[in-house]
Amino acid sequence: LESHQGQVKCAKCQHVFDFRQHLESAHAQTVFLRGSRTKNRRTYLIIALLTLLALGQTLFVARTDILTRWPAVQQPFIKACQLLHCKDPLPKQIKLIRLEGAEVIQDENVPELIKLNSLLTNNAPYIQAYPELELTLTDANDQAVMRKKIKPEEYTNHVKDGLKAGEELHININLETTEAVTGFRVAPVYR
């Protein structure tokens, strides 16, 4: 190449050209392609990270629907949520929660003490969050004399575990009241 000043002849078309210019062009093209590959890798990495972030956000937002439709993923999902310190990872389908046999009994020895007894049942085929209990005490005219929201922590020590599928929980709560109580209403609620 040096003795002919870089001049070469194409074997197919017999055209004579300066091969050194072709080498410079090929080198520039190689450098360009290497830079493009690096940019492509970064772009693909950013796209992959954004896709994972969107998937995680979708799982978080739709967690209740996912857990109700696919109960088999509940335990791993709950454990992952506990690691990530999620709030309320469990489904809350109030239609599938029953409060049965509720009774309010006034303590004979302590007149300002009443006892709420009931049976809480989860009729869902999956674990659910424990509901709050909304208790309304009424007088002889069925007028509310006291309302109380009873948090799950007040009637169970297993709030984080949730109410398992088909589980029944006997609730026994002592409450203080200064009003004369003749009736009551109680209902499970989710907030």
Side-chain angles (χ1 to χ4, degrees), residues 52-191:
L52 285 173
L53 184 62
L55 179 63
Q57 190 172 13
T58 301
L59 286 173
F60 179 76
V61 170
R63 66 188 181 269
T64 300
D65 291 335
I66 291 168
L67 295 177
T68 56
R69 290 182 185 185
W70 296 290
V73 301
Q74 229 177 6
Q75 288 303 325
F77 201 93
I78 290 167
K79 286 179 184 175
C81 208
Q82 286 172 346
L83 288 174
L84 297 171
H85 303 288
C86 299
K87 192 174 183 179
D88 295 332
L90 297 173
K92 296 178 176 180
Q93 299 291 324
I94 200 67
K95 294 180 221 168
L96 299 172
I97 296 288
R98 293 275 181 254
L99 192 64
E100 300 168 335
E103 62 179 356
V104 172
I105 303 168
Q106 196 143 16
D107 192 318
E108 293 176 8
N109 300 327
V110 185
E112 55 278 340
L113 187 67
I114 60 171
K115 295 180 181 188
L116 170 65
N117 298 319
S118 188
L119 181 67
L120 184 70
T121 306
N122 178 11
N123 292 320
Y126 44 82
I127 298 171
Q128 291 205 82
Y130 282 96
E132 287 184 0
L133 303 178
E134 212 169 69
L135 175 66
T136 305
L137 300 176
T138 59
D139 62 13
N141 297 322
D142 200 33
Q143 297 297 311
V145 292
M146 183 178 113
R147 284 194 173 96
K148 175 149 176 74
K149 289 182 184 161
I150 302 167
K151 298 196 176 291
E153 295 82 9
E154 295 177 60
Y155 64 83
T156 183
N157 295 326
H158 306 287
V159 174
K160 288 184 180 179
D161 299 335
L163 190 58
K164 294 181 180 32
E167 183 177 3
E168 294 180 343
L169 176 69
H170 293 279
I171 296 175
N172 300 306
I173 303 171
N174 293 327
L175 302 166
E176 289 184 27
T177 180
T178 56
E179 304 291 332
V181 176
T182 58
F184 73 97
R185 291 184 291 276
V186 64
V189 293
Y190 285 123
R191 302 262 178 245

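Predicted, not measured: the structure shown is a model, and the values here were computed from it.
- Note: Asn123 CG to Ile97 CD1 = 7.5 Å, rounded to the nearest 0.5 Å.
- Scanning all heavy atoms of the two residues, the minimum distance from Ala129 to Leu90 falls at N-CB, 3.6 Å.
- Closest non-hydrogen pair, Ala102 versus Phe184, comes out as O-CZ, 3.4 Å.
- Gln128 places a side-chain N or O within 3.5 Å of a backbone atom of Gln93 that can act as its donor or acceptor partner.
- Residue Gln106 places its CD atom among more than 12 non-hydrogen atoms of other residues, nucleotides or ligands, all under 6.0 Å distant.
- Pro188 and Leu133 make their closest contact through CA-CD2, 4.0 Å (heavy atoms, listed as atom of the first residue, atom of the second, distance).
- Checking each of Leu116, Asn117, Leu113 against Ile105 for a side-chain contact (heavy atoms from CB on, under 4.5 Å) leaves exactly one that passes, namely Asn117.
- Counting heavy atoms of neighbouring residues, nucleotides and ligands inside a 6.0 Å radius, atom CD of Gln57 does not exceed 12 of them.
- Judged purely by atom type and a 3.5 angstrom limit, Thr177 has no side-chain atom pairing as donor or acceptor with the backbone of Glu112.
- For the atom pair OG (Ser118) and CD (Glu100), the distance works out to 8.0 Å, reported to the nearest 0.5 Å.
- Annotation for Tyr190 and Pro91: closest pair OH-O, 4.4 Å, computed over non-hydrogen atoms.
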Show me, pair by pair, the donor-acceptor contacts under 3.5 angstrom made by side chains of residues 134-146, not counting sequence neighbours?
| from | atom 1 | to | atom 2 | distance (Å) |
| --- | --- | --- | --- | --- |
| Glu134 | OE2 | Arg191 | NH2 | 2.6 |
| Thr138 | OG1 | Gly183 | O | 3.1 |
| Asp139 | OD1 | Asn141 | N | 2.9 |
| Asp139 | OD1 | Asp142 | N | 3.2 |
| Asp139 | OD1 | Gln143 | N | 2.9 |
| Asp142 | OD1 | Arg185 | NH1 | 3.2 |

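- For residues 144-158, every residue pair satisfying the salt bridge (Lys or Arg N to Asp or Glu O under 4.0 Å) rule, not counting sequence neighbours, is listed here: Glu132-Lys151, Lys148-Glu154.
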- Task: Apply side chain to side chain contact (heavy atoms under 4.5 Å, CB included) to the pair Leu120 and Tyr155, showing each step before the final yes or no.
- Result: CA-CA 11 Å; Leu120 184 70; Tyr155 64 83; 3.8 Å; yes
Distance-only check: which donor-acceptor pairs under 3.5 Å involve side-chain atoms of residues 160-173, not counting sequence neighbours?
| from | atom 1 | to | atom 2 | distance (Å) |
| --- | --- | --- | --- | --- |
| Glu167 | OE1 | Lys164 | N | 2.8 |

